[in-house]
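Take a look at the structure set out below.
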Amino acid sequence: MLRKAVVIVGGGVAGLTCARNLEQQNIDYLLLEGSDRVGGRLKTDFYNGFLLDRGFHTYLTAYPEARKELDYSQLDLRHFWQGVVIWTGQKFLKFTDPFNDMPVPEEAATGHLEAISDRIRIDKLRKVLNSKSIEEIRDHEIDTDTLNGLRAWGFSDLMIDRFFRPFLGTLFMEDELSTSYKKFEFLFKMFCGGKMAIPAAGIEAIPRQILSHLPGDRVTVNAEVTGISEDNVVTLNDGRRIQAEQVILATNLPQAYRLLGYSMNPPHHQVTCAYLTLDKAPFESPVLILNGSGKGRINNICFPNHVASSYAPEGKNLVSVSILGIHNQSGTNMFSEIREELRGWFGDRVSKWRPLKIYRINYALPEQQRIRPIPDSLNALRRKNIYLCGDYCEMACINGAIESGRKIADEVVYQRALRPV
Ligand SMILES: Cc1cc2nc3c(=O)[nH]c(=O)nc-3n(C[C@H](O)[C@H](O)[C@H](O)COP(=O)(O)OP(=O)(O)OC[C@H]3O[C@@H](n4cnc5c(N)ncnc54)[C@H](O)[C@@H]3O)c2cc1C
């Protein structure tokens, strides 16, 4: 039986970051990834000449942990316009970032969304968040849901419904705004302190860059872990067994629970993303367009090739349409419904938009109504040398996953240093 100091189960950005940090500490580890390639939820498919991220993603350049781990220039990040365009049901309005240095898209956005009183509140919120550290946000004793938090700031219902619900819907994957206010503060701080971006080669470039720092023989793909015994013997789907001194579960939480023999199915938000192609896009700028009308199923759309031209072949355009939750209709019906909804936004030209692909993602993001430390029952696993690692351990997003990977590697190294020789 193969013996390893550390086995990492799962090759999303959390597991990869953990591996990279163990590599830097010369620890003998092996990363096992169940699917055919690493990346986890950060995957990009090359499809008929288009780059299709598995669900719409934006990387926020201000993410503090991720920026330590990633080389931005090599990622060739391409930026969205730093603001959003909002469909009100009648027209498009713009919500601008006053500190934005990119030209404002003129095309269809004719006026500003917010009333002066809401703009003053946004500027004040921004100042408060700029002066708070991430630790202060995370460790604050009281947490509430985001809707409560925004109401406490006095934002108008119009501002909440037209801007915050659809905007935060893209980040939280829910628009009731029941997600933790601490998470809102963190993400809004990130939004104000940097840019929204995608790598030119697709979102999967992020895990691929972390993978490039690991020796090939440290990572095994198509290696699904099916069980972990009391004495940390890890069994794979092909029957192989590996004896580990420490096991790091870097899967999502439902998978981690399954491997630990727990029957709980922790709640997750779901999302559906449809891609279509078109010859001429109604917007030529790198904008994120939110549905602030309160009607229809679409949360947001964007034209990724206007952010990074590599997303579509020459002469073609790509539109990404995100719907919160799982849209269960068959492909044909779903595309018809999307086109029908978008006809209200863009007129008859949408009948020429041609379907490409649909992604339905069940475990997109863990529900995080409050940011709490990992429960003691799970922490107790550490005494058995099993560690949990993944976005759900922090404020769930790319940054949280990377932070969790780094922290668990530090913890494992520390525990190893305490062992008698
Ligand atoms: C559609 C979508 C849009 C998103 N948008 C954003 C965004 O704009 N900005 C942002 O910051 N975040 C976004 N996120 C969240 C972000 O993608 C995740 O927080 C992050 O990728 C989670 O990484 P992870 O390593 O914790 O988990 P995962 O990426 O889920 O990795 C877990 C890995 O474990 C593997 N695995 C599972 N079970 C086993 C097993 N038994 N044996 C071996 N391997 C196993 C899986 O195959 C997977 O590779 C989005 C997520 C989705 C789905």
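Atoms within a ligand are numbered from 1 in the order they appear, just like the ligands themselves. Position 1 is the first residue of the sequence; numbering continues from there.
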Revision key, fill the gap. If you scan protein heavy atoms around atom 35 (C) of ligand 1, the nearest is E33 OE1, 3.3 Å
Check your understanding: Which heavy atom of the protein is the closest neighbour of atom 21 (O) of ligand 1, given with residue, atom name and distance?
Key -> L42 CG, 3.6 Å
Review point. Any luck finding a side-chain donor-acceptor pair between E411 and Y387 under 3.5 Å?
Key: no
Revision key, fill the gap. Among non-hydrogen protein atoms, atom 30 (O) of ligand 1 lies closest to R41 NE, 2.9 Å
Point to revise | S73 side chain to D71 side chain, donor-acceptor N/O pair below 3.5 angstrom | key: yes
Exercise for review: Please verify whether a non-hydrogen atom of Y392 lies at under 4.0 Å from ligand 1.
Suggested key: no
Practice item. Answer yes when D143 and K183 have at least one side-chain N-carboxylate O distance shorter than 4.0 Å, and no when they do not. Key: no
Study note, to complete from the structure: Residue, atom and distance of the protein heavy atom nearest atom 11 (O) of ligand 1 read Y63 OH, 2.7 Å
Review point. Is it true that Y181 and F184 have ring centroids separated by less than 6.0 Å?
Key: yes
Review point. Between R406 and E69, is there a side-chain N and carboxylate O pair less than 4.0 Å apart?
Key: no
**Study point:** Numbered atoms of ligand 1 (with element) below 4.0 Å of A364, judged on heavy atoms
**Key:** 51 (C), 53 (C)
Practice item. List every atom of ligand 1 that sits less than 4.0 Å from any heavy atom of G34, numbering the atoms from 1 in the order shown and giving each element. Key: 43 (C), 44 (N), 45 (C)
Check your understanding: Is any side-chain N of the basic residue among E394 and K407 closer than 4.0 Å to the acidic one's carboxylate O?
Key -> yes
Check your understanding: Does F346 have its ring centroid less than 6.0 Å away from the ring centroid of W353?
Key -> yes
Review point. Is the shortest distance from a Lys or Arg side-chain nitrogen in E340 or R343 to a carboxylate oxygen in the other one below 4.0 Å?
Key: yes
**Study point:** Contacting atoms of ligand 1, where contact means under 4.0 angstrom from a heavy atom of G390
**Key:** 26 (O)
Review point. Within 45° of the ring axis of Y275 and under 6.0 Å from its six-membered ring centre, is that where the NZ or CZ of K357 lies?
Key: no
Practice item. Find all atoms of ligand 1 within a distance of less than 4.0 Å from any non-hydrogen atom belonging to G55, and give their numbers and elements. Key: 1 (C)
Check your understanding: Do any nitrogen or oxygen atoms of I361 come within less than 3.5 Å of a nitrogen or oxygen of ligand 1?
Key -> no
Revision key, fill the gap. The closest protein heavy-atom partner of atom 7 (C) of ligand 1 is T58 O, 3.3 Å
Revision key, fill the gap. Within 4.0 Å of some non-hydrogen atom of G12, the atoms of ligand 1 are 25 (O), 29 (O), 31 (O), 33 (C), 49 (O)
Point to revise | For ligand 1, the portion of Q255 having any non-hydrogen atom under 4.0 Å away | key: side chain
Review point. Which residue supplies the protein heavy atom nearest to atom 40 (C) of ligand 1, what is that atom called, and how far is it?
Key: V225 N, 3.7 Å
**Study point:** Min heavy-atom dist A223 to ligand 1 below 4.0 Å
**Key:** yes
Point to revise | Those atoms of ligand 1 less than 4.0 Å from some heavy atom in R54 | key: 1 (C)
Review point. Between D53 and K43, does at least one N-O distance fall below 4.0 Å, as a salt bridge requires?
Key: no
Exercise for review: Consider ligand 1: state whether an atom of it lies below 4.0 angstrom from any non-hydrogen atom of Y359.
Suggested key: no
Check your understanding: Taking atom 45 (C) of ligand 1 as the point of reference, which of D391, N362, T251 owns the nearest heavy atom?
Key -> T251
Study note, to complete from the structure: Among P207, A401, G10, A250, closest by heavy atom to atom 32 (C) of ligand 1 is A250
Review point. Are E33 and S35 close enough that a side-chain donor and a side-chain acceptor fall under 3.5 Å?
Key: yes
Check your understanding: Between R37 and D45, is there a side-chain N and carboxylate O pair less than 4.0 Å apart?
Key -> yes
Review point. Going by the atom numbers of ligand 1, which of them fall below 4.0 Å from some non-hydrogen atom of L32?
Key: 43 (C), 44 (N)
Practice item. May I ask you to check if ligand 1 and N399 share an N or O to N or O distance below 3.5 Å? Key: no
Review point. Which residue holds the protein heavy atom closest to atom 25 (O) of ligand 1, what is that atom called, and what is the gap in Å?
Key: A14 N, 3.0 Å
Exercise for review: Would you kindly say whether E337 and Q329 are connected by a side-chain donor-acceptor distance under 3.5 Å?
Suggested key: yes
**Study point:** Carboxylate-amine/guanidinium proximity below 4.0 Å for D28 and R218
**Key:** yes
Revision key, fill the gap. Of all protein heavy atoms, the one nearest atom 5 (N) of ligand 1 is H57 CD2, 3.2 Å
Point to revise | Atom indices of ligand 1 within 4.0 angstrom of V271 heavy atoms, with elements | key: 1 (C)
